[in-house]
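The block underneath contains the structure these notes are about, expressed in structure tokens.
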There are 2 protein chains.
Amino acid sequence: MPRDTLSSDQIVEAAIALLDEEGLGGLNMRALGKRLGSAATAVYWHVGSKDNLITLAGDRVWSELTLPEAPAGPDGWRAAAEALAVGVHAMLTRHPWLVQAFGAHLMFGPAKARHDDYILALHENAGFTPAEADQASAALLTFVLGNALGPAAQAALTRKLAREGDGDAEARLAEGMAQAREVASVHPRLRARLEAESGTDYGAAPQDTFTFGLHALLDGLAARLATTRR
Amino acid sequence: MPRDTLSSDQIVEAAIALLDEEGLGGLNMRALGKRLGSAATAVYWHVGSKDNLITLAGDRVWSELTLPEAPAGPDGWRAAAEALAVGVHAMLTRHPWLVQAFGAHLMFGPAKARHDDYILALHENAGFTPAEADQASAALLTFVLGNALGPAAQAALTRKLAREGDGDAEARLAEGMAQAREVASVHPRLRARLEAESGTDYGAAPQDTFTFGLHALLDGLAARLATTRR
DNA sequence: GGGGCGAATTGAACGGCGTACAAGTCCCTG
DNA sequence: CAGGGACTTGTACGCCGTTCAATTCGCCCC
């Protein structure tokens, strides 16, 4: 028999796989148990509760991010900060459920702590005062998180429609989109947007939107930094 | 008897009250029915499903925002944009559940559409190209949303601990915070932050963090605007 | 090698949830 | 007054997170 005793690592791994495939709403203990070849309740001995498991999974995902050896010096700040933000953005794109979990579970573990400390150090090394470094780091992070909310909702909705499965997975989605378009079409600018990019789905534009906003934010922070350094 | 027939307005109002008091996880159809003096299932005739109800509630809340009569001209852009962002931030503070709903429900209704169109017009009037106006509006909005995630999680956690109610509502919270501090204390910068503001709760700092980041973002957008106008 | 003990797993069960549905009640119109 | 649509109700189903007593497994010591 291939079945050995479970480990929390195995469980967290399986949970992440399930979350990536089925979304936050698709993770439930019975499905997780089946995936692990165990009874659903075996998980509880290792992780205590579903909330705990989600926190564990979130921190594990957060540890995917690779941090350069030493925080960049005063001049490398901007490139390093941008790279960091892009990395987090990519992570949230890979794991859309994470941003939903962030809104409901107060996730903070060793990997997140390491990451936070790194960003803080990066900003202090660049010349920000400690208080400014704190706020600048938070601004960067919350901007990235906010950008992930839309795609997360999109993914959740798509999955829900697919799971209802009354045969017409895409039909319902199209219907909902059409309804949204109808609501939007009352307003001139929104209608113009809709006509401009008629065939675009929700997932295409945000990438450009993200880099545009990120660059603007970095510009603003760089300006602060310039006045602080003087 | 004070019982009359329900209206969807009544239902949405009661749902918002329940959401504000108990959080997103505290809204359930039986409790809502009890609050309305009806059977739980009576709600379904009016709003169809819980998802629908949440979307309705979200749009109703979004309509709380008052938009100045006409979008500001080229010079008033910055003040108007800041005021708008601050207004949305305040709204999300009043209704922390809304940002959670945004991550799971793709909320888009008439009030949100009106608001989006208004912001778009504001940016176009200021001199942004349509494409830039789109991205700048989105950047502003996602930044505000991202800032609301932390407090939302905090509120959700507090409520959950209170509802478990094993007598020690604050004890568990303090325990969790202490645990987080222990994790954080391995890293020098985080430890410094903890020692600096030892008695601060999660809700105090974010306000300053929000205005700091917002100003930086607005600065960056203003710089874009300057180059575009020329 | 056998006995024992803690680690790990199991299946049944509980209470709460969203919601479908058939049956009922109310009220307005012709 | 008869009919029919608007509206409400109670019951029930299936899924969920979690608890718990009972059971099995694996290792260490005598």
Side-chain angles (χ1 to χ4, degrees), chain A residues 1-12 14-15 18-19 21-58 97 100-101 104-105 156-157 159-167 172, chain B residues 1-12 14-15 18-19 21-57 97 100-101 104-105 156-157 159-166 172:
Chain A
M1 290 300 167
R3 293 288 148 260
D4 216 343
T5 72
L6 294 171
S7 75
S8 6
D9 274 352
Q10 262 173 48
I11 293 177
V12 169
L18 207 47
L19 285 163
E21 291 168 21
E22 310 287 351
L24 188 58
L27 172 66
N28 67 71
M29 303 310 260
R30 291 175 232 258
L32 182 59
K34 190 166 294 180
R35 188 183 197 96
L36 289 163
S38 316
T41 57
V43 173
Y44 281 84
W45 197 92
H46 294 275
V47 300
S49 73
K50 187 184 179 183
D51 278 345
N52 230 310
L53 174 59
I54 290 176
T55 301
L56 255 31
W97 50 271
Q100 300 180 49
H105 288 280
L157 178 66
R159 261 190 260 276
K160 174 171 301 180
L161 292 179
R163 205 167 306 128
E164 282 175 352
D166 290 356
R172 273 170 194 263
Chain B
M1 289 300 163
R3 296 287 150 263
D4 216 344
T5 72
L6 293 171
S7 75
S8 7
D9 274 353
Q10 262 172 45
I11 294 176
V12 170
L18 208 46
L19 286 164
E21 292 168 19
E22 310 287 350
L24 188 57
L27 172 67
N28 68 71
M29 303 310 260
R30 292 174 230 255
L32 182 59
K34 189 165 294 179
R35 182 182 275 262
L36 289 163
S38 316
T41 58
V43 173
Y44 280 85
W45 196 92
H46 295 274
V47 300
S49 72
K50 187 184 177 183
D51 277 345
N52 230 310
L53 174 58
I54 289 177
T55 301
L56 255 33
W97 49 272
Q100 298 180 51
H105 288 280
L157 178 65
R159 261 189 261 277
K160 175 170 302 182
L161 292 180
R163 204 168 307 126
E164 285 175 350
D166 291 357
R172 273 171 195 263

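Just so it is clear, the values below take in all heavy atoms, side chains as well, and ignore hydrogens, waters and symmetry mates. Chain naming here is simple, since letters A, B, ... match the order of the sequence lines and numbering starts at 1 in each. Computed from a predicted structure; not experimentally measured.
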Rounded distance (nearest 0.5 Å) linking atom NE2 of A:H46 with atom OG1 of A:T5: 6.5 Å
Sugar-phosphate, base or nothing in reach of A:A39, heavy atoms under 4.0 Å: sugar-phosphate
SB check A:E21 A:R35 (cutoff 4.0 Å): yes
Distance, rounded to the nearest Å, where A:L6 contributes CG and C:dT10 contributes C1': 12 Å
Separation of atom CD in B:E22 from atom P in C:dC17, rounded to whole Å: 11 Å
Nearest-angstrom distance from the residue atom CG of B:L36 to P of D:dC7: 15 Å
Spacing between A:M29 atom CE and C:dA12 atom C1', to the nearest angstrom: 17 Å
Distance, rounded to the nearest Å, where A:I54 contributes CD1 and D:dG17 contributes C1': 11 Å
Any N/O donor-acceptor pair, B:S49 side-chain to C:dG18 base, under 3.5 Å: no
Sugar-phosphate only, base, or nothing, as touched by B:L27 at under 4.0 Å among non-hydrogen atoms: sugar-phosphate
Check: A:L56 and A:I11 side chains under 4.5 Å, non-hydrogen atoms: no
Atom pair distance, as rounded to whole Å: NZ in A:K34 and P in D:dC15: 10 Å
Side chain to side chain, A:H105 and A:D51, heavy atoms closer than 4.5 Å: yes
base_contact_polar (D:dG17 base, A:R30 side chain, donor-acceptor, <3.5 Å): yes
B:W45 CH2 - C:dA22 C1' separation (whole Å): 17 Å
Toward the 5' end of DNA chain D, by each residue's nearest nucleotide, A:A40 or B:A42: B:A42
Worked verdict on A:N28 versus A:E22 for side chain to side chain contact (heavy atoms under 4.5 Å, CB included): CA-CA 10 Å; A:N28 67 71; A:E22 310 287 351; over 6 Å; no
Phosphate OP1/OP2 of C:dA7 contacted by A:H46 side-chain N/O (<4.0 Å): no
base_contact_polar (C:dG11 base, A:T41 side chain, donor-acceptor, <3.5 Å): yes
Distance in angstrom units between B:R163 CZ and D:dG17 P, rounded: 17 Å
